[in-house]
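Data block below; observations after.
Chain letters run A, B, ... following the sequence lines, proteins first, then strands; residues in each count from 1. Any value given below was found using the heavy atoms of this structure, including those in side chains, with hydrogens, waters and symmetry copies removed.
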Protein chains: 2
Amino acid sequence: MRKESSTNTLNKENLESNCGMAYAIGILSGRWKLSIIGYLLAHEKLRYGELKRKIEGISERMLISQLKELQSDRLIERIVYPEVPPRVEYKLTEKGRSLDHILTELSRWGKRHYTENTPANAEQR
Amino acid sequence: MRKESSTNTLNKENLESNCGMAYAIGILSGRWKLSIIGYLLAHEKLRYGELKRKIEGISERMLISQLKELQSDRLIERIVYPEVPPRVEYKLTEKGRSLDHILTELSRWGKRHYTENTPANAEQR
DNA sequence: CAGCATCCCTATAGATACTG
DNA sequence: CAGTATCTATAGGGATGCTG
């Protein structure tokens, strides 16, 4: 797994029996990662600034760190154009794109269950 | 979405276009949720103490809170037996179990890509 | 046994200002 | 434009002790 991605971890036992899952989840569950992936699934290529504008609410710090993690996990690719007003584009890698199917299914699952959402113990908190 | 689950959020724009996904991810990305779901997929029914022992490393505080969230999202069901040494069992709901397929695929995806893991910029940090 | 309350520490992420 | 650097607040989560 990543060094200390911290948002989502599975313990050792589960890692052993379920490392694929742990890996997938570890990779996918940063605060904004799925936003980014989602936009890149829709738009093919996006510049840093475009992402920043689309994911309004995210700080530059977060955007960069999430992009770096995604890149380091080889889900996205960073393309630098050596121009004078610098230009950087991000796009999904083959690996990143290969998530499309699963994410679509997950999204479908979500849609299917989103409506029937009657929390059991909503009164808590 | 949940009130302030905070671990994983999608912003408004993305929520609109992708609310199913956001819902799914919001539900699934607590610190230990997938551990719990994983064990319940494997074991059908587990008592509080069993979970605590299996997910060694989790604190009671966390276990309870994750269980509550899962329950409140109707992924798991809490069954209380009115006995004198109290007994509580947790099991997946139909909804929870319906994730099996996707989680299996995700796990498979993870396994497939786990090995070919050569981080692009591992030297960062 | 199952779970809640409290204290407290640390990592995470927000804001802001700066650079190649 | 595309990031970095720093500073700080907050809250997530660990440890501990208590209760029905």
- [ ] Mind calculating the distance between OH (A/Tyr81) and C1' (D/dC1) to the nearest angstrom?
- [x] 15 Å
- [ ] Can you tell me the distance, in whole Å, between the CD atom of B/Glu50 and the P atom of C/dA2?
- [x] 8 Å
Open item on the list: Just to verify, what does A/Val84 make a side-chain contact (heavy atoms from CB on, under 4.5 Å) with, not counting sequence neighbours?
Closed with: none
Open item on the list: Using whole Å, what does the distance between atom P of nucleotide D/dA2 and atom CD1 of A/Ile79 come to?
Closed with: 13 Å
Task: B/Ile55 CD1 to C/dA2 P, straight-line distance once rounded to whole Å - done: 14 Å
Task: Listed partners of B/Ser59 passing side chain to side chain donor-acceptor pair (under 3.5 Å), at least two apart - done: none
- [ ] Figure out the CG/C1' separation between B/Leu63 and D/dG14, and round it to whole Å.
- [x] 14 Å
Task: SB check A/Lys45 A/Glu77 (cutoff 4.0 Å) - done: no
TODO: Please tell me which of the listed nucleotides, D/dG13, C/dC1, D/dA2, lies nearest to the side chain of B/Arg47?
DONE: C/dC1
- [ ] Return the value, rounded to whole Å, for the distance between atom NZ of A/Lys54 and atom C1' of D/dA2.
- [x] 18 Å
Open item on the list: Rounding to an integer number of Å, can you tell me how far A/Met62 CE sits from C/dA11 P?
Closed with: 15 Å
Open item on the list: Whole angstroms only, please: what is the CD-P distance between B/Gln66 and D/dG13?
Closed with: 7 Å
- [ ] Could you check whether A/Pro85 gets within reach of a base, just the sugar-phosphate, or nothing at all, counting any heavy atom under 4.0 Å?
- [x] nothing
Task: Residue list, side-chain contact (heavy atoms from CB on, under 4.5 Å) with B/Glu60, at least two apart or on another chain - done: B/Tyr48, B/Lys52
Open item on the list: Checking one residue: B/Ile79. Which other hydrophobic residues are in its cluster under the side-chain 4.5 Å linking rule?
Closed with: B/Tyr81
- [ ] State which residues pass side-chain contact (heavy atoms from CB on, under 4.5 Å) with B/Glu105; sequence neighbours excluded, sorted by chain then number.
- [x] A/His101, A/Ile102, A/Glu105, B/His101
Are any protein N/O atoms closer than 3.5 Å to N/O atoms in nucleotides 3-5 of chain D? If there are, list each pair with its distance.
from  : atom 1 : to      : atom 2 : distance (Å)
D/dG3 : OP1    : A/Arg78 : NH1    : 2.0
D/dG3 : OP2    : A/Tyr90 : OH     : 2.7
D/dG3 : N7     : A/Glu60 : OE1    : 3.1
D/dG3 : O6     : A/Glu60 : OE1    : 3.3
D/dT4 : OP1    : A/Lys68 : NZ     : 3.0
D/dT4 : O4     : A/Glu60 : OE1    : 3.1

